[in-house]
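A short write-up of the structure that comes next.
Hydrogens, waters and symmetry mates are skipped; everything else that's a heavy atom, side chains included, is used. Computed from a predicted model, the values in this text were never measured in an experiment.
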Amino acid sequence: MHADDHLLVFDKPAGLLSVPGRGAHLQDCLSARAQARWPDALVVHRLDMATSGLLLMARGEAMQVALSKAFAAGAIGKTYEAVVQGRLAPDPDAPWREIALPLAADWPNRPRQKVDVANGKPSRTRWRVLGLGRDWTHLALQPLTGRTHQLRVHLQALGHPILGDALYGCERSQARAPRLLLHASRLSFTHPVLGTTLCLRSAPSFPAPEPGDGGAGLTHFPGALP
């Protein structure tokens, strides 16, 4: 997707790990594939195995530190797209709305996370309606914090799980898509060395979620990212 002397951006497919897992059968991952071509490639952030889209890697330790600091400072803009169960009506007076629910690990049910008002860490997600179907909504999502499974848990808590989510979806929402319909579609940031603005985009191709279609046919959902 993008490669220069300092950093790399890849378009990860759903079903591929970002980093190696435990066990010999989980060693194939995006970071290993990148390092086979760029031996100095280092992970800066991760996407869930089930999530597709843009993933940023650094070339060398100094760049890894610089990009990690930029993520921590909120200087790297991230936008995701998702298709969720049910209809969320857009609000013309407030196109971006926010979910602010604290999250914590659900230890008896790892790797699940949960809303935990008493002990959870503050977590914030902005969302905006991009399109509507008969019983689904296409959303743009911006995580303002970086908690594990944040987007997935926040949307479940809103009553609109992401279609195809095997961890957090209900039986019906899981059955309506053969994969998690969550895609990292945009990264924007100032290049730490060159000083240029990078804005990288990747359009999702999701299986159509309409009931009874069996998930057949790829659909680019309507709507334009801000």
Side-chain angles (χ1 to χ4, degrees), residues 1-2 9-18 30 43-57 67 70-72 74-86 88 90 95-101 103 111 113 115 123-133 136-169 173-174 176-189 198-209 218-226:
M1 187 83 185
H2 175 88
V9 180
F10 299 97
D11 200 344
K12 187 186 84 67
L16 180 66
L17 289 166
S18 295
L30 184 59
V43 171
V44 178
H45 69 121
R46 305 179 187 185
L47 295 177
D48 294 341
M49 182 177 181
T51 303
S52 57
L54 300 177
L55 187 144
L56 175 64
M57 295 185 70
L67 291 173
F71 266 112
I76 296 182
K78 296 180 293 180
T79 303
Y80 293 73
E81 293 181 58
V83 182
V84 303
Q85 179 93 323
L88 282 161
W96 283 103
R97 282 174 278 180
E98 186 173 313
I99 306 168
L101 293 170
L103 302 179
Q113 308 293 305
V115 173
S123 307
R124 297 167 58 212
T125 298
R126 296 206 320 156
W127 61 274
R128 177 180 180 177
V129 174
L130 295 177
L132 290 165
W136 53 262
T137 307
H138 177 205
L139 296 177
L141 304 166
Q142 293 181 338
L144 303 181
T145 50
R147 312 302 179 203
T148 300
H149 297 172
Q150 176 177 313
L151 302 178
R152 299 164 71 177
V153 181
H154 272 175
L155 288 165
Q156 178 207 37
L158 199 64
H160 297 272
I162 300 175
L163 298 187
D165 192 337
L167 271 181
Y168 300 102
S173 66
Q174 290 181 39
R176 293 183 65 194
R179 56 153 289 197
L180 176 71
L181 301 192
L182 178 63
H183 182 81
S185 55
R186 190 176 79 168
L187 280 174
S188 58
F189 58 97
L198 290 178
C199 186
L200 299 158
R201 297 174 182 265
S202 168
S205 290
F206 289 144
L218 293 178
T219 301
H220 288 286
F221 288 93
L225 282 176

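- Shown here for Leu54 and Ser202, the closest heavy-atom pair between the two residues is CD2-CB, 3.7 Å.
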For this session: Go through the steps to decide whether Leu139 and Leu155 satisfy the test side-chain contact (heavy atoms from CB on, under 4.5 Å), and finish with yes or no.
Result: CA-CA 10 Å; Leu139 296 177; Leu155 288 165; 3.8 Å; yes

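- Rounding to the nearest 0.5 angstrom, the gap separating the CG atom in Leu181 from the OG atom in Ser205 is 11.5 Å.
- Looking at Lys12, its side chain does come within 3.5 Å of a backbone N or O of Thr51 through a donor-acceptor pair.
- From His2, atom NE2 reaches atom CE of Met57 across 14.0 Å, with rounding to the nearest 0.5 Å.
- Rounding to the nearest 0.5 angstrom, the gap separating the OG atom in Ser52 from the CG atom in Leu180 is 8.0 Å.
- Arg126 approaches Leu144 most closely through the heavy-atom pair CG-CD1, 3.6 Å.
- With Thr137 contributing its side chain and Gly86 its backbone, the two residues share a donor-acceptor pair below 3.5 Å.
- Between the side chain of His45 and the main chain of Leu56, a donor-acceptor pair closer than 3.5 Å is present.
- No side-chain heavy atom of Val44 sits less than 4.5 Å from a side-chain heavy atom of Ile76.
- In this structure, Leu141 CG and His183 NE2 are separated by 12.5 Å, a value rounded to the nearest 0.5 Å.
- For Arg179 (side chain) and Leu182 (main-chain N/O), a donor-acceptor pair under 3.5 Å exists by modelled atom type.
- No side-chain donor-acceptor contact under 3.5 Å links Thr125 to the backbone of Leu151.
- In this structure, Leu47 and Phe10 have side chains that are not in contact, with every pair of non-hydrogen atoms separated by 4.5 Å or more.
- Judged by distance alone, the side chain of Tyr168 and the main-chain N or O of Gln113 form a donor-acceptor pair under 3.5 Å.
- Residues Leu103 and Val115 meet the side-chain proximity criterion, which asks for heavy atoms closer than 4.5 Å.
- Two residues are said to be in side-chain contact when any heavy atoms from C-beta on lie closer than 4.5 Å; Leu198 and Leu187 fail this criterion.
- Residues His154 and Arg124 come closest through the heavy atom pair CE1-N, 3.9 Å.
- Nearest approach of Phe71 to Lys78, heavy atoms of both residues: CE2-CD, 3.6 Å.
- Across Ser123 and Gln150, no two heavy atoms sit closer than the pair CB-OE1, 4.1 Å.
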For this session: Carefully, step by step, assess Arg97 and Trp127 under the rule side-chain contact (heavy atoms from CB on, under 4.5 Å).
Result: CA-CA 5 Å; Arg97 282 174 278 180; Trp127 61 274; 3.3 Å; yes

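- In terms of modelled atom types and a separation under 3.5 Å, the side chain of His138 and the main chain of Val83 share no donor-acceptor contact.
- Taking CG of Leu167 as the reference point, atom CZ of Arg152 lies at 5.0 Å (rounded to 0.5 Å).
- Between the CZ atom of Phe189 and the CG atom of Leu200 there is a distance of 6.0 Å, given to the nearest 0.5 Å.
- Looking at every heavy atom in both residues, Arg186 comes nearest to Cys199 through CD-SG, 3.8 Å.
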